[in-house]
Every structure is written in C-alpha cells, then in structure tokens.
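Data block below; observations after.
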Amino acid sequence: MAEETRPTDFIREIVAEHLRSGKHQRIVTRFPPEPNGYLHIGHAKSICLNFGIAREFGGVCNIRMDDTNPTKEEAEYVQSIMRDVRWLIDGWADQNIGLKHFDTVPTRVSDDFQQSAIRNQKSEILPEPLYTSDYFDNLYQYAVELTRRGRAYVDEMSPEQTDEYRRIGKESSFRDRPVDENLDLLARMKAGEFPDGAKTLRAKIDMQAPNVWLRDPVLYRIRHAEHHHTGAKWRIYPMYDWAHTLSDYIEGITHSLCTLEFEVHRPLYEWILDALELSAPRPRQIEFARLNLDYTVMSKRKLIQLVHEGFVTGWDDPRMLTISGLRRRGVTPSALRTFAHEIGVTKYPSLNETALLEHAIRNEFNRTAIRRLAVLKPIKVVLTNYPAEQVEQLDAINNPEDPNAGTRKVPFSRELYIDAQDFAEVPPPKFFRLKPAGEVRLKYAYIIRCDEVVKNAAGEIIELRCTVDLESKTGGATSNRKVKGTVHWVSAPHAFDTEVRLYDRLFTVPEPDADGDFKKHINRNSLKIVTAKCEPSLRDAQPDERYQFERLGYFSLDLDSTTDRQVWNRVVTLRDTWAKVAKR
RNA sequence: UACCCCGUGGUGUAACGGUAACACAGCGCCCUUUGGAGGCGUUAUUCUUGGUUCAAAUCCAAGCGGGGUAGCCA
C-alpha cells in the first residue's frame, strides 16, 4: 500500500537522528488545534504528519486544545475536532494517541516525564483531549519565575503604543521596574485588579532585535472573560508563544511541528526555554509548509464566510474541504492519509493540484468499490423484438478488481433506460455510443441497434426503439462480436428513483484568493441534483460502503437518506477521456 | 522597509559532492463487455551569474523571483 512505503522527509530525518544519537528515547509529537472552528484538509496533513511520526517511531502524539484566548474559543468545537481526528486516524494510529490520562493533568516534575498513550476504546463517549488551559497554574508559576529572574516586566502602555514602540525599537518607560514591583503587579493582574488592556506582562529581551518577536513580546494580557474550559477562574490569559512553548515542555514533547508562519517565532520559543533554564530534553520546533490546494480556499476565516453567507449548506457540506465535509461526501480516512503521504512535507510553499486528491480517492475506490448500474439522466429504450412479458436475470460482476466480490443478478426486460449522454442523434466524430442505425453493447447484456428516434411535439426525444441481437448475450453465439461502445442501463419496470447530488469544484479559478476577492470566483454550478434510476440491488446499499455507478463515478450514501428515499453523493467522477475528446 | 525562509519537468516530491528519479496531470499507442482499470512510450541545459572542486541540483557569494513575520490572534 502506498501509505506503507517509507516516507522520508526532512522532519522524519531529524527525528530518526535524534533517536539514533540517543537525544530522545521516545518520540512525542502533538496536534494542537485552537477550538475556534472546524478542521480542514490542511489540518489533515498536520494530523497525518504528527500521528504518522508517532506511529512510525513507536511514540505518542498528544492532542491538545490550544485554548489560550477565551474570547474566540468554544467548547462545541472541541467535540467536532475530536470526532474528526479520531475518524482520520482510526485503525491507523489508535495506539499512538495521547489524551488526558484519567483526568490527570500532565505535570513535568522530572526529566524522564513521558506522556502515555491511551488506547482507543471505540466507545461512544469521546475521550478528553489535553488542554493548554489545564496548565494555566503551571504557566503562571513559570511567569512568576521569569519575572523573579528579572527577565519580564509589567508594562502599562496601550496596545497602539506597544506596537509603535516595537516598530521603532524603543523601550517602554516601564521596562526597568524593580523585580518586586513587577511581582506585585503581576499578582494583582491575576487577582483582577485592573481592567482589560490596562497592563501586560512582557518578556525583557531586546527592543533592537532584528526579529520583532524578540522585541519584548507580550506574555500575558488581561481579559475579564469566561473561558470555555476554566470558567471564571482567570482574569489574565497567556499568549501563544508562552503557552505553547511551555505546554510542549510540560508534556515532554520532543518535536513541535508547526507551519511556516511560526518560523520567526522559533528564537522566542528557544529564548523561553533558556530564560527559565529548563532541563533537557527540551522540545524542538520544526516548521513545514502548510497545504495549499488549487480551486479552493483553506483558511478558517474564508471557510466560515462560505458557511455564514450561504454559499454552502454548512461546515459539512460535501463541497467543503473540511474534514467533516470530506467525510460526508464519502471520502475515506485511508484515501486522505494516502493523499497526505503523497504530497510530502517540505518548506517550499507549494500549491498542490486537487487532481492528486482525486487520484488518491479513485485509486482506492477502484480496488474497493462495489459496481452497480444507475442512470442519471434517463432515456427510455424499447426493444421491439424482445418479448413484452419476459424478464431475464443476468449476471453482473460486483468488482472486476476483486474476484472475491462475486456477482449479482440484474433484471433485464423489454423497456430500459440508458443515459442521455450515451445517445446522439447527430454524433460527433469518434462517438462510440448509441446513434441512429448504430449498435452498442449493453453491459452484461445484449447488443442493440437503434432503429427509430421517437419525439414529442416539442421535438424532444421520448424513446428509442431498438432491436436486440438475441444471440449476443454473454456466452451467446454472437457475444464476441466487435462493437465499439458499451453502455450502462437499467430495466425500466425494475428500477427505482434516488436523489443524486453531483458536485463540482467550489471555485472557478486555481487561486480564488489571489486577487483578494475569493467570493467573486465562486462556482455557482458546484451542485447539481438529479433523480436517478437505479438497479434493484442498490436498495440494500450501506452508508459505509462505496459504490461505483458504472461509467459514471464513485458514489456514497448521504446522511440525508431516509427509508423512503436514498440520497447519493458523487464522491468523484471516473476519469473521462471521452469528455476531453468531446471538448475539442 | 526590516528580518527570516524557500527556488529541481505543467504540478508536487526524490537524489545527502560522482553526472537528474518517482507520482500526478497532459499527449500518443496497445488492450478493454466501464472511452474505467491496466500496459508501453513521451515531457528538465535543476532561477541567473560568478566562485570552490577532478567533479556541483547539492558547498560559497551576489542578483532575481516567491512566501512569511512586524495583534494585548493562534
């Protein structure tokens, strides 16, 4: 399997070296989402990287909610994130997930601290992730320690002034406050004595540093806000750099993998570990390029606009590249993992073609999907020389790629449906399908010839009257006759109707946000709903099964399905070389 | 503007100083009771210029191009 071939990237090389040299005995990575939105395929890349490394090197990947900003985060997102992560790694890295250990918060009390993996019990109750906010006490103690060491101070400048001073490299007049005063002020900040924005705790580094993140970054800000996880306990909240670095340290993370935009934060990450003189082994931050895909947008901000402004039906709209959208559409975790594996991991900010994702899906589904016959846009075909009351049960192969999938019976009768696209009254060149006086094979059945095109008053085609070569059935005398085209069909009296949702890309251009106005490139025809005619055996279709409607694509049952009416999602079309030829 | 990072076929990745490999996409042919799948073939003076070396995609320098950062967001 593709995902089993050994992937080697610069991060895995570093990890392997750290194991070889004995710097670490056991690898601990982490996936640290902020619970302020749904996970998307870019997060999937990160999940596959972090859990993949834990899995390959026999380590652990902690899942930690990076919840340091009470005004932006909500508990409901925690549930969706957990669901998405577990779905994506299920059956693959279950043994490597690091969760909250029986309600015990990790506390690094010794150098050999190690986070334990918790077995995925597959219970209905979602296990609890780790939370940065569980370390708030710890983080505060570290802040006191930093202040005591004279490496931090309480500042009173306004946000605007702080920005301005940072830009020009000027020191705050509060910078050289005595340690005792800083300690006192910090304690009073914590006690809630000051209003929002009145004071901050700042690291005392170097206001002239070329890297602006070293120009006395803010470590704590005052926020009189309720936190989704810690409630009303805190009035000061740590900033990302402080919280993330020390959470990594507390959990014994060995490799802290993040995206490129945090590259300039790394000196600060290391400064924090140094300033506190924290004992080895220390975590190491390594950055990689985030996932970019063509014909889509990836940021949470833009995805949320698509939802709120009604361009899609929700976070799990099958057109959305959120994990929940992909899941609903019918993409499997394994296909997503294969995709993540195939795009690789580098520091080059690339733009990947969505075609690669489609390929990963097709490649897997070709091996696993059950073949069925369905007609999306029916045209009636009447076989004039076939007995009116006769019904044959023909053998059809369930999956030519998998002999064990066996066969099934498909009813055949005098009246059928074929797809409108498989008939042309005035055929273009190289049209191998049905045309007046032309022949075509009905898959698993007979060769037919079109004798007559019947139209209504409006000139629309009502039915095709055809004759069937009665000897041409599989195993028959003329079954091996050379006929250029083969077409799918369904017996009219036996077929049943279903709703089928056909999806196209959400945007019309490869880089919708290149000009800063992605909404004007939205594809208004990204969803088409049709009523399809399906062969009877499809009545038993299962939600977790993937189907190929022959010659059309791969389909999956949508959760809107009821006992009365099935709703299908087209996950991806089949490769269609004829469509390309026809275009020219 | 300052600082940091990155430049290998159309796209993405590999080659770890020894003469450019793989996947996807495209195109052509073969095969086919899915115009699917499969098989075969085809696409690169490794951004530029200089330097080091017997030897450079790999090391060094400059230029050019792209990306990131400059929230009391993460």
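Note that the structure is a prediction, hence the values are computed from the model and not measured. Throughout, a chain's letter reflects where its sequence line sits, starting with A, and its residues are numbered from 1.
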* Taking any atom under 4.0 angstrom from a heavy atom of chain A, which nucleotides of RNA chain B are the first and last to qualify, 5' to 3'? -> B:C3 to B:A74

* Asked: How far does the C1' atom of B:C59 sit from the matching atom of B:U43, given to the nearest Å?
  -> 31 Å

* Could you list the residues that satisfy side-chain hydrogen bond (donor to acceptor under 3.5 Å, both in side chains) with A:Gln285, not counting sequence neighbours? => A:Glu287

* May I ask you to say whether A:Asp402 pairs ionically with A:Arg367, meaning some side-chain N is under 4.0 Å from a carboxylate O? => no

* To do: Report the residues that fulfil salt bridge (charged side-chain N to carboxylate O under 4.0 Å, His left out) with A:Glu392, sequence neighbours left out, ordered by chain and then residue number.
  => A:Lys473

* Structure fact -> Per nearest nucleotide of RNA chain B, the residue lying toward the 5' end, A:Arg362 or A:Thr162, is A:Arg362

* To do: List in chain and number order the residues that pass salt bridge (charged side-chain N to carboxylate O under 4.0 Å, His left out) with A:Glu261, two or more places apart in sequence or in another chain; answer none if no residue qualifies.
  => A:Arg290

* Which comes earlier along RNA chain B counting from the 5' end, the contact point of A:Val264 or that of A:Asn399, where each point is its nearest nucleotide? -> A:Asn399

* **Residues forming a side-chain hydrogen bond (donor to acceptor under 3.5 Å, both in side chains) with A:Glu263, sequence neighbours excluded** => A:Lys347

* When Watson-Crick pairs (N1 to N3 and N6-O4 or O6-N4) and G-U wobble pairs (N1-O2 and O6-N3) count only below 3.5 Å on both distances, what is the dot-bracket string of RNA chain B, with | for other-strand pairs? -> (((((((..((((....[..)))).(((((.......)))))....(((((..]....))))))))))))....

* Asked: With rounding to whole Å, what would you report as the distance between B:G28 and B:A62 at their C1' atoms?
  -> 45 Å

* Structure fact -> Residues at least two apart in sequence or cross-chain that pass salt bridge (charged side-chain N to carboxylate O under 4.0 Å, His left out) with A:Glu193, listed by chain then number, are A:Arg188

* To do: Using the C1' atom on both, measure B:U46 against B:G12 and round to a whole Å.
  => 15 Å

* To do: Hey, could you give me each pair passing salt bridge (charged side-chain N to carboxylate O under 4.0 Å, His left out) that has a residue in residues 29-50 of chain A? Not counting sequence neighbours.
  => none

* **Pairwise C1' distance, B:U32 and B:C40 [rounded to whole Å]** => 15 Å

* Asked: P atom, B:A61 versus B:G38: distance in rounded Å?
  -> 46 Å

* **A:Asp469: side-chain hydrogen bond (donor to acceptor under 3.5 Å, both in side chains) partners, not counting sequence neighbours** => A:Thr478, A:Arg481

* **No-hydrogen, no-angle side-chain donor-acceptor test under 3.5 Å, A:Thr332 and A:Arg546** => no

* **Separation between the P atoms of B:U42 and B:U49, rounded to whole Å** => 29 Å

* Look at all strands and tell whether A:Lys347 reaches a base, only sugar-phosphate, or nothing, counting heavy atoms closer than 4.0 Å. => sugar-phosphate

* Using the P atoms only, state how far B:C47 lies from B:A56, rounded to an integer number of Å. => 15 Å

* B:G71 glycosidic torsion: syn (within 90° of 0) vs anti -> syn

* **Residues forming a salt bridge (charged side-chain N to carboxylate O under 4.0 Å, His left out) with A:Arg301, sequence neighbours excluded** => none

* Residue-level proximity of residues 546-556 of chain A to RNA chain B when a heavy atom falls under 4.0 Å -> A:Gln548, A:Glu550, A:Arg551

* To do: Could I get the full list of side-chain hydrogen bond (donor to acceptor under 3.5 Å, both in side chains) partners for A:Lys533, not counting sequence neighbours?
  => A:Asp497

